[in-house]
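The block underneath contains the structure these notes are about, expressed in structure tokens.
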Amino acid sequence: MESFFALMGKQRKKQRRDEELLRKVILRIKDLRSTHHHSQEQLNAETEIDIANLETGSNFPNLTTISIICRFYGITLDEFFAPLNYPPKE
């Protein structure tokens with residue numbers, strides 16, 4: 001009989017990632033930091049988000065993480081995503 005954890009491992013699907021979206025989100029965060037002259041350490045201290053790990057692409061930021069960054073910089077989610085222009089219209 002297989003263990004519970006072995007069975008759960010079989011049922012999990014590989015997480016889907018949109019690498020292009022991830023790249024654009026990371027660049028947007030870096031752009032915001034640069035515009036405001038903040039280091040990764042400063043943003044990390046203020047938001048408690050591991051910015052270095054996020055900017056390497058190790059973790060795909062979720063909406064809560066992006067929302068925290070938006071609140072810190074005083075912008076809306078619309079303002080965060082507007083410059084990304086993604087996915088492009090066909």
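For the pair Arg28 and Phe80, the cation-pi criterion (under 6.0 Å, within 45° of the ring axis) is fulfilled.
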Assess the residue pair Leu43 and Ile49 against the criterion (side-chain contact (heavy atoms from CB on, under 4.5 Å)); give the C-alpha distance rounded to whole Å, side-chain angles, the decisive distance to 0.1 Å, and a yes or no.
CA-CA 8 Å; Leu43 187 53; Ile49 295 170; over 6 Å; no
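Checked against side chain to side chain donor-acceptor pair (under 3.5 Å), Asn62 has the following partners two or more places apart in sequence or in another chain: Thr65. Scored by the side chain to side chain donor-acceptor pair (under 3.5 Å) test, Asn44 finds no partners at all (sequence neighbours excluded). The side-chain contact (heavy atoms from CB on, under 4.5 Å) search around Thr35 returns Asp31, not counting sequence neighbours. Listed by chain and number, the residues in a salt bridge (Lys or Arg N to Asp or Glu O under 4.0 Å) with Lys30 amount to none (sequence neighbours excluded). In this structure Leu21 satisfies the side-chain contact (heavy atoms from CB on, under 4.5 Å) test together with Asp18, Val25, Phe60, Leu84, Tyr86, sequence neighbours excluded. By the side chain to side chain donor-acceptor pair (under 3.5 Å) test, Thr56 is found to be paired with Ser58, residues two or more places apart in sequence or in another chain being considered. Partners of Thr76 under the side chain to side chain donor-acceptor pair (under 3.5 Å) rule, at least two apart in sequence or in another chain, are Glu79.
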I'd like a table of donor-acceptor pairs (distance under 3.5 Å, sequence neighbours excluded) in which one partner is a side-chain atom from residues 66-73, with atom names and distances.
residue: Ser67; atom: OG; partner: Arg71; partner atom: NH2; Å: 3.1
residue: Tyr73; atom: OH; partner: His38; partner atom: ND1; Å: 3.0

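Judged as a salt bridge (Lys or Arg N to Asp or Glu O under 4.0 Å), not a single pair has a partner in residues 38-52 (not counting sequence neighbours). Applying the salt bridge (Lys or Arg N to Asp or Glu O under 4.0 Å) rule to pairs touching residues 51-66 yields Arg33-Glu55, sequence neighbours excluded.
Going from atom NZ of Lys24 over to atom CG of Asn85 covers 7.0 Å, rounded to the nearest 0.5 Å. To the nearest 0.5 Å, the span separating CG on Asn53 from CG on Asn59 amounts to 4.5 Å.
Follow the hydrophobic side-chain contacts under 4.5 Å out from Leu27 and you never reach Leu77; the two are in separate clusters. A continuous path of ILVMFWY side-chain contacts below 4.5 Å connects Leu63 to Leu32, so both sit in one hydrophobic cluster.
Leu22 approaches Pro61 most closely through the heavy-atom pair CD1-CD, 3.7 Å.
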